[in-house]
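Reviewing the structure listed below.
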Amino acid sequence: MDLAVLLPAVAFYVFAGAAIAFAFGVVSARNPVRSVLFLIMTFFSAAGLFVLMGAEFLAMILIMVYVGAVAVLFLFVVMMLDIDYVELRQGFADYLPLGGLLSAVLTIELIVLGASWHISDKAQELRQAPIDAGQDNLRAISEVLYTDYAFFIEAAGLVLLVAMIGAVVLTNFHKKGVKRQNISAQVARRAEDGVELVDVKPGQGL
Amino acid sequence: MLFDTSTALGWTVITLLKVLGFVVVLLISLAFILLADRKIWAAVQMRKGPNVVGAFGLLQSFADFIKFALKEVIIPAGTDKGIFILAPFLSLTMAFIAWAVVPVAPGWVVSDLNVGILYLLAISSLGVYGIILGGWASNSKYSFLGALRSTAQMISYEVSIGFVIVTVLLLAGSMNLSEIVEAQAGGFWHWYGIALSPITLVMLPMMVVFFISALAETNRPPFDLPEAESELVAGYQVEYSSTLYLLFMIGEYLNIVLMCSMVTILFLGGWHAPVDIAPFTWIPPVFWFAFKALFTFFLFAMVKAIVPRYRYDQLMRLGWKVFLPISMGAVVLVSAWVVFVQGSA
């Protein structure tokens with residue numbers, strides 16, 4: 001078989017298989033820190049799939065935002081939790097009926113959906129050429145995002161700004177009587193402000 | 001067939017050879033860069049530095065390497081063994097794969113990605129994991145505190161580094177590192193850091209911001225708080241010994257050299273000679289690149305020797321309250337320059 005076909009195929013199955021295996025690890029790991037690590041590996045495999053599809057910009061953004069920022073926060077929180085690992089292992093049998101029921105319902109729904117799903121004849125053509133071949137996808141995305149959808153992206157930015165301000169306001173409170181460092185006051189301070197030279201006469205004192 | 005890039009087999013073979021070349025050259029030069037770091041530090045303090053192994057101590061790093069490799073690996077009780085061993089490997093791998101997009105001369109690059117800079121940012125944000133996992137898996141309070149400090153510090157300074165890089169992207173009009181270097185061709189007055197044009201008033205401070213942020217990003221003095229030996233012993237590395245510690249250290253120094261190369265590529269014109277006339281152009285581009293990167297490393301080493309350590313709240317203040325607003329303002333100024341001055345010309 002030709003290597004040019006074989007290599008991407010192998011890469012796809014490696015990434016896709018890894019994504020599923022790691023996703024299973026997320027829910028099955030006993031230790032929450034390991035769960036988060038599996039989650040990170042799942043993100044990473046998904047980014048690999050994006051690269052295979054030629055969407056390298058999305059892949060890099062996925063890694064930067066989810067792996068580099070969101071998952072680090074998860075990890076911080078989980079690592080600082082005071083968890084009793086023995087207690088975590090109990091109660092598996094209690095939750096089994098409810099969890100089993102939920103997953104059975106979801107599986108049946110998926111099967112029903114999959115059986116009745118009809119794929120359009122033109123879907124394959126659309127999938128193969130989402131953008132012009134000669135154009136790198138950073139340019140392709142920005143040309144759509146900042147022309148046709150300019151107002152939507154600005155609205156999304158505004159919503160995020162409001163959310164950010166909200167988070168700052170909710171957590172920001174000033175304690176009274178806390179000494180704070182005032183850098184500009186420190187820098188502006190001169191020797192004359194702090195030190196007074198006194199010419200003390202012998203035998204007199206101050 | 002074997003060395004023909006148009007076929008899949010040839011491409012694979014050539015890429016593997018390139019990777020091997022980069023790894024070997026990087027590791028060998030790293031041995032001497034480590035020595036240079038210690039020598040420069042010693043010279044500033046009027047000591048001699050390592051001078052016993054080999055002539056002028058040239059083989060010191062190799063002696064250290066053998067010593068590291070031959071010691072027993074101690075894994076303390078109560079550690080999460082798998083993650084404890086994984087963390088240094090992760091650290092080293094992330095430091096190495098970042099080099100995949102660094103062009104050291106025209107065409108001398110493993111992968112000429114169109115989103116090269118985004119790739120570098122993504123990989124450097126992954127580098128955090130080696131540290132935080134190592135600190136957590138050690139099951140030691142010192143390690144964990146060191147890891148938390150280090151992670152918070154790296155995430156904080158990544159933000160301002162990102163904005164500084166955006167200013168360069170705006171001027172170059174590309175995220176491809178080779179194209180960014182190509183955009184600075186034609187003599188040192190075209191280099192973004194020291195260009196002879198009004199935009200230098202913005203870009204020169206940006207180069208300084210990038211340099212200082214790079215110090216913080218790589219946990220170098222004066223921002224080596226994660227390793228602050230006076231309070232945290234050695235931060236996330238406390239419990240590591242022998243080869244595992246060596247992997248952490250190689251990863252750290254690889255990141256430092258990467259940051260030096262980034263300064264070279266973004267602000268000092270990459271592989272271009274300072275003046276585009278005969279005696280300078282005789283020197284191959286890769287030597288110019290190495291010379292500039294090593295000069296930046298010399299500055300890194302001098303900073304280590306000269307500047308005292310920051311306090312942690314001062315470090316956070318510098319990152320979030322000084323560098324972030326400055327670099328965001330610079331993005332506005334540079335985009336205005338690109339649209340209204342370059343665009344109308």
Side-chain angles (χ1 to χ4, degrees), chain A residues 1-10 29-34 36-38 40-41 43-44 47 50-51 54-81 85 134-142 180-184 186, chain B residues 1 6-13 15 80 82-83 86-87 90 94 101 111-129 131-133 135-137 139 143-145 147-148 150-152 154-155 158-159 162 169 173-176 179 311 313-314 317-318 321-322:
Chain A
M1 200 176 171
D2 188 15
L3 258 180
V5 184
L6 190 66
L7 278 182
V10 168
R30 290 276 164 80
N31 187 335
V33 173
R34 294 212 161 183
V36 177
L37 292 183
F38 280 125
I40 292 162
M41 292 310 296
F43 286 144
F44 201 75
F50 271 131
V51 171
E56 66 259 18
F57 177 70
L58 282 181
M60 295 306 148
I61 291 293
L62 183 75
I63 292 182
M64 268 168 72
V65 174
Y66 282 91
V67 181
V70 176
V72 171
L73 288 180
F74 278 6
L75 212 55
F76 264 38
V77 173
V78 169
M79 278 179 177
M80 288 201 261
L81 291 176
Y85 292 115
Q135 203 174 28
D136 64 281
N137 57 53
L138 180 67
R139 248 174 244 284
I141 288 176
S142 52
R180 287 186 193 282
Q181 187 181 19
N182 187 343
I183 303 271
S184 57
Q186 282 185 347
Chain B
M1 177 72 182
S6 56
T7 67
L9 179 70
W11 180 86
T12 313
V13 169
T15 307
D80 192 325
I83 297 179
L86 178 75
L90 196 67
M94 290 308 158
V101 292
S111 173
D112 203 14
L113 272 185
N114 273 331
V115 288
I117 285 217
L118 276 179
Y119 173 84
L120 275 179
L121 283 175
I123 295 302
S124 77
S125 65
L126 283 176
V128 171
Y129 283 105
I131 291 172
I132 191 168
L133 290 180
W136 178 79
N139 195 24
S143 301
F144 189 53
L145 284 174
L148 287 183
S150 178
T151 316
M154 286 169 84
I155 290 178
E158 230 158 62
V159 182
L169 296 187
S174 171
M175 281 205 181
N176 181 318
E179 279 174 33
R311 212 172 57 209
D313 62 315
Q314 293 172 333
R317 180 182 168 272
L318 186 70
K321 293 187 181 171
V322 181

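Below, chain A is the first sequence line, B the second, and so on; all start at residue 1. Bear in mind that the values here come from a model prediction, so they are computed numbers and not experimental data.
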With a 4.5 angstrom heavy-atom cut-off, which part of Ile155(B) approaches chain A: side chain, backbone, both or neither? side chain
Per-residue contact mode, Asp313(B) against chain A (heavy atom under 4.5 angstrom): side chain
Which residues pass the side chain to side chain contact (heavy atoms under 4.5 Å, CB included) test with Met41(A), sequence neighbours left out? Phe22(A)
Heavy-atom proximity to chain A below 4.5 Å, by part of Gln314(B): side chain
Once you round to the nearest 0.5 Å, how far does CE of Met64(A) lie from OG of Ser124(B)? 8.0 Å
Quick one: OG on Ser111(B) to CD on Glu56(A), what's the gap to the nearest 0.5 Å? 9.5 Å
Do other residues, nucleotides or ligands put more than 12 heavy atoms under 6.0 Å from the CZ atom of Phe76(A)? yes
Could you please spell out the steps behind the side-chain contact (heavy atoms from CB on, under 4.5 Å) verdict for Met79(A) and Leu148(B)? CA-CA 10 Å; Met79(A) 278 179 177; Leu148(B) 287 183; 5.5 Å; no
Give the C-alpha distance, both sets of side-chain angles, the deciding distance and a yes or no for side-chain contact (heavy atoms from CB on, under 4.5 Å) between Leu75(A) and Tyr129(B). CA-CA 10 Å; Leu75(A) 212 55; Tyr129(B) 283 105; 3.7 Å; yes
Heavy-atom distance under 4.5 Å to chain B: side chain of Ala69(A), backbone, both or neither? neither
Which atoms of Thr12(B) come close to chain A, meaning under 4.5 Å heavy atom to heavy atom: side chain ones, backbone ones, both, or neither? side chain
Just verifying a value: how many Å separate Leu37(A) CG and Leu90(B) CG, rounded to the nearest 0.5 Å? 9.5 Å
Return a table of donor-acceptor pairs under 3.5 angstrom between the side chains of residues 112-123 of chain B and protein atoms on other chains or two or more places apart.
from: Asp112(B); atom 1: OD1; to: Ser178(B); atom 2: OG; distance (Å): 3.0
from: Tyr119(B); atom 1: OH; to: Ile97(B); atom 2: O; distance (Å): 2.8

